[in-house]
There are 2 protein chains.
Amino acid sequence: MSVHRDAQSFANDCGACPIRHRAVCARCETDELVKLEQIKYYRSYQAGQTVIWSGDRMDFVASVVTGIATLTQTMEDGRRQMVGLLLPSDFVGRPGRSTAAYDVTATTDLVMCCFRKKPFEDLMTGTPHIAQRLLEMTLDELDAAREWMLLLGRKTAREKIASLLAIIARRDASLKEPRAKANAITFDLPLTREEMADYLGLTLETVSRQMSALKRDGVIVLDGKRHVTIPSIDMLMEQTGDDNDGGFLV
Amino acid sequence: MSVHRDAQSFANDCGACPIRHRAVCARCETDELVKLEQIKYYRSYQAGQTVIWSGDRMDFVASVVTGIATLTQTMEDGRRQMVGLLLPSDFVGRPGRSTAAYDVTATTDLVMCCFRKKPFEDLMTGTPHIAQRLLEMTLDELDAAREWMLLLGRKTAREKIASLLAIIARRDASLKEPRAKANAITFDLPLTREEMADYLGLTLETVSRQMSALKRDGVIVLDGKRHVTIPSIDMLMEQTGDDNDGGFLV
DNA sequence: TTCCTTGATTGATCTGCATCAAGGCAGACC
DNA sequence: GGTCTGCCTTGATGCAGATCAATCAAGGAA
């Protein structure tokens with residue numbers, strides 16, 4: 001864990017706001033956390049509500065506390081592509097830019113922890129670790145985006161679905177208690193078929209068909225429309241097209 | 001231009017190494033530039049040579065001085081997706097990670113300006129502006145990646161080709177002298193048809209067919225295989241599917 | 001010159017996913 | 001109960017782009 005205090009324990013002893021352990025580190029604790037504390041505020045959104053429209057003025061940066069939000073781009077004729085999925089602790093917004101580049105939408109009820117941009121930028125200038133932490137997070141997102149480019153450009157519909165399920169399963173598993181690598185995983189899909197389609201560059205019909213196919217082939221078990229059980233993670237990973245070096249739970 | 005000295009003039013009076021004006025700013029000049037100067041070194045590669053393989057140890061970060069390099073991901077069965085195009089002044093590598101995540105390949109003869117990772121990281125810790133500048137660059141790349149996700153997921157073959165041509169034309173134009181918005185633009189394609197296909201998530205045959213179609217329709221003029229003239233930028237932009245708010249030369 | 005090689009073009013055919021269309025199911029509300 | 005309404009499933013059909021394959025053009029090298 002290097003010189004930083006363990007992020008998990010740090011998160012535990014400082015309350016709910018995830019920006020504390022994602023955007024800053026324990027080294028900054030004494031002064032900067034206090035300042036962050038002073039400029040932060042919370043916002044809530046209902047499922048389906050739009051947080052911000054592409055092109056709108058955006059005078060804050062924020063971090064997801066609970067719930068799920070999506071970033072989407074839309075073409076004039078209505079074609080849509082989701083370009084990001086924001087889960088708790090993910091960061092939105094960009095220091096140094098004043099308008100939003102994407103539509104941000106709450107897909108579930110959502111609570112975000114916001115910071116007005118100007119004070120946040122000022123704080124960043126005086127606090128090297130915040131910029132470094134943000135850089136680290138942004139590089140992670142860039143890697144994820146590039147992984148997604150491979151999926152969009154080269155994977156088949158079945159591989160796309162399997163990859164999405166694997167990603168959700170992994171992120172979901174890492175939010176719960178760490179535990180021995182379980183053989184079966186169960187979770188609720190946070191997205192409708194249409195949202196899955198927008199994420200994967202498919203139509204909702206194709207998503208539905210491939211879900212049915214994976215179910216028929218025993219790769220997943222569907223209980224209702226949303227509740228998914230994955231009996232064997234290995235079997236799922238075989239369907240993703242990725243070279244899985246066994247690193248499911250990293 | 002805020003308090004920073006104009007990046008262009010700064011680049012001009014400090015020689016060829018682009019990291020100077022891309023990764024740091026004039027405020028750091030006195031001390032940090034000197035230190036950067038001390039730890040930097042150059043590397044050259046021939047066209048076609050691989051700079052680094054995905055998974056290899058990577059103990060440096062670098063910036064392209066001249067030439068063009070690509071980042072690609074490859075699946076086990078050989079499907080390839082390009083996930084980045086590095087033009088002069090672009091940055092590769094990631095502080096805080098020791099292995100490469102993608103194959104980096106020189107598509108033309110290439111010169112890179114390298115910094116061993118450890119000293120660079122140390123320098124970054126003591127120099128807030130470097131981290132901030134890198135953050136800015138990374139956010140730009142993230143935006144570009146997300147734009148590319150829209151292309152890969154939702155655009156037709158013809159729109160993909162037109163978009164790629166528009167991007168190359170724009171980047172090429174911005175490297176040359178600033179000038180009045182010219183009506184016609186001429187440049188050499190830095191990529192083979194196969195590389196274009198890997199970038200666009202198509203096959204090389206489809207790339208070739210769509211290039212011929214654009215030529216037949218008078219959107220582009222081909223002189224040989226590589227030399228492209230775009231008689232009307234507006235006509236090209238109409239083919240990209242983007243809502244072009246006239247912002248071709250930003 | 002002729003032979004190779006490398007990259008590009010063009011044609012014929014195939015197929016995976018989109019599109020169009022018709023239900024089905026479960027919860028909300030009367 | 002009935003009937004919306006939102007979300008999902010399933011079927012029939014069409015087409016954009018993949019695949020397979022032949023040909024071409026431009027350089028080298030012998």
Side-chain angles (χ1 to χ4, degrees), chain A residues 46-49 70 75 77-81 105 107-108 151-165 188-217 220-228 239 241, chain B residues 46-49 70 75 77-81 105 107-108 151-165 188-217 220-228 239 241:
Chain A
Q46 293 174 354
Q49 225 182 332
T70 61
M75 295 170 68
D77 60 7
R79 281 176 280 175
R80 288 160 54 87
Q81 176 65 50
T105 313
T107 59
T108 64
L151 178 146
L152 289 171
R154 294 303 188 191
K155 287 189 178 178
T156 65
R158 171 181 264 245
E159 288 169 340
K160 286 180 177 182
I161 300 281
S163 300
L164 178 59
L165 292 173
D188 280 311
L189 279 175
L191 303 174
T192 66
R193 297 291 186 264
E194 185 171 20
E195 287 162 342
M196 291 173 70
D198 282 343
Y199 208 157
L200 299 169
L202 297 170
T203 59
L204 71 93
E205 293 96 329
T206 298
V207 171
S208 181
R209 272 185 251 276
Q210 294 298 334
M211 290 288 286
S212 300
L214 288 174
K215 175 180 166 187
R216 174 169 28 77
D217 298 347
I220 61 175
V221 178
L222 275 176
D223 177 19
K225 299 157 194 306
R226 295 297 194 89
H227 195 76
V228 179
Q239 307 296 322
Chain B
Q46 294 175 353
Q49 229 183 328
T70 62
M75 295 170 68
D77 59 6
R79 281 177 280 174
R80 286 159 55 85
Q81 177 65 50
T105 313
T107 58
T108 64
L151 178 145
L152 290 171
R154 295 301 187 191
K155 287 190 178 178
T156 66
R158 170 181 266 245
E159 288 169 341
K160 287 179 177 182
I161 301 279
S163 300
L164 178 58
L165 292 173
D188 280 310
L189 279 175
L191 303 174
T192 65
R193 298 289 186 265
E194 186 172 20
E195 286 162 342
M196 291 172 70
D198 283 343
Y199 207 157
L200 300 169
L202 296 171
T203 58
L204 71 92
E205 292 96 330
T206 299
V207 171
S208 183
R209 273 185 249 274
Q210 294 298 335
M211 290 288 285
S212 300
L214 288 174
K215 176 179 166 187
R216 173 167 31 74
D217 298 347
I220 61 175
V221 178
L222 276 177
D223 176 19
K225 296 157 195 308
R226 295 294 196 93
H227 196 76
V228 179
Q239 306 296 322

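Owing to the predicted nature of the structure, the values given are computational and were not obtained by experimental measurement. A note on names: the letters A, B, ... follow the listed sequences, proteins ahead of strands, and every chain is numbered from 1.
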Spacing of [X] atom [atom1] relative to [N] atom [atom2], expressed in whole Å:
X        : N      : atom1 : atom2 : value
B:Met196 : C:dT9  : CE    : C1'   : 14 Å
A:His227 : C:dA26 : NE2   : P     : 16 Å
A:Glu194 : D:dG6  : CD    : P     : 12 Å
A:Leu151 : C:dC17 : CG    : P     : 12 Å
B:Lys215 : C:dA8  : NZ    : C1'   : 11 Å
B:Asp198 : C:dA8  : CG    : P     : 12 Å
A:Lys225 : C:dG27 : NZ    : P     : 10 Å
B:Leu222 : C:dA8  : CG    : P     : 11 Å

For this session: With heavy atoms under 4.0 Å as the rule, sort A:Arg154 into base, sugar-phosphate or nothing.
Result: nothing
If every non-hydrogen atom of [X] is compared with every non-hydrogen atom of [Y], which pair is closest and at what distance?
X        : Y        : result
B:Leu152 : B:Tyr199 : CD2-O, 3.8 Å
A:Glu159 : A:Gly241 : OE2-CA, 3.9 Å
A:Gln81  : A:Asp198 : NE2-O, 3.1 Å
B:Lys155 : B:Lys160 : O-CE, 3.5 Å

Exercise. Does atom CD of B:Glu205 have more than 12 heavy-atom neighbours, drawn from other residues, nucleotides or ligands, at distances under 6.0 Å?
Worked result: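 Counting other residues, nucleotides and ligands, CD of B:Glu205 exceeds 12 neighbours.
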Exercise. Is A:Gln49 atom CD crowded by more than 12 heavy atoms from other residues, nucleotides or ligands, each under 6.0 Å away?
Worked result: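 Result for CD/A:Gln49: enclosed.
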Exercise. Can you tell which of C:dA8, D:dG17, D:dC8 lies closest to the side chain of A:Arg226?
Worked result: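 Nearest to the side-chain atoms of A:Arg226, counting from C-beta on, is D:dC8.
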Seminar exercise, completed: Sorted by number, residues from residues 200-211 of chain A placing a heavy atom under 4.0 Å from DNA chain C are A:Gly201, A:Leu202, A:Thr203, A:Glu205, A:Thr206, A:Arg209
Problem set entry | Close side-chain approach of A:Glu195 to A:Thr70, heavy-atom, < 4.5 Å | no
Exercise. Does A:Ser212 make a side-chain N or O approach to OP1 or OP2 of D:dT10 shorter than 4.0 Å?
Worked result: yes
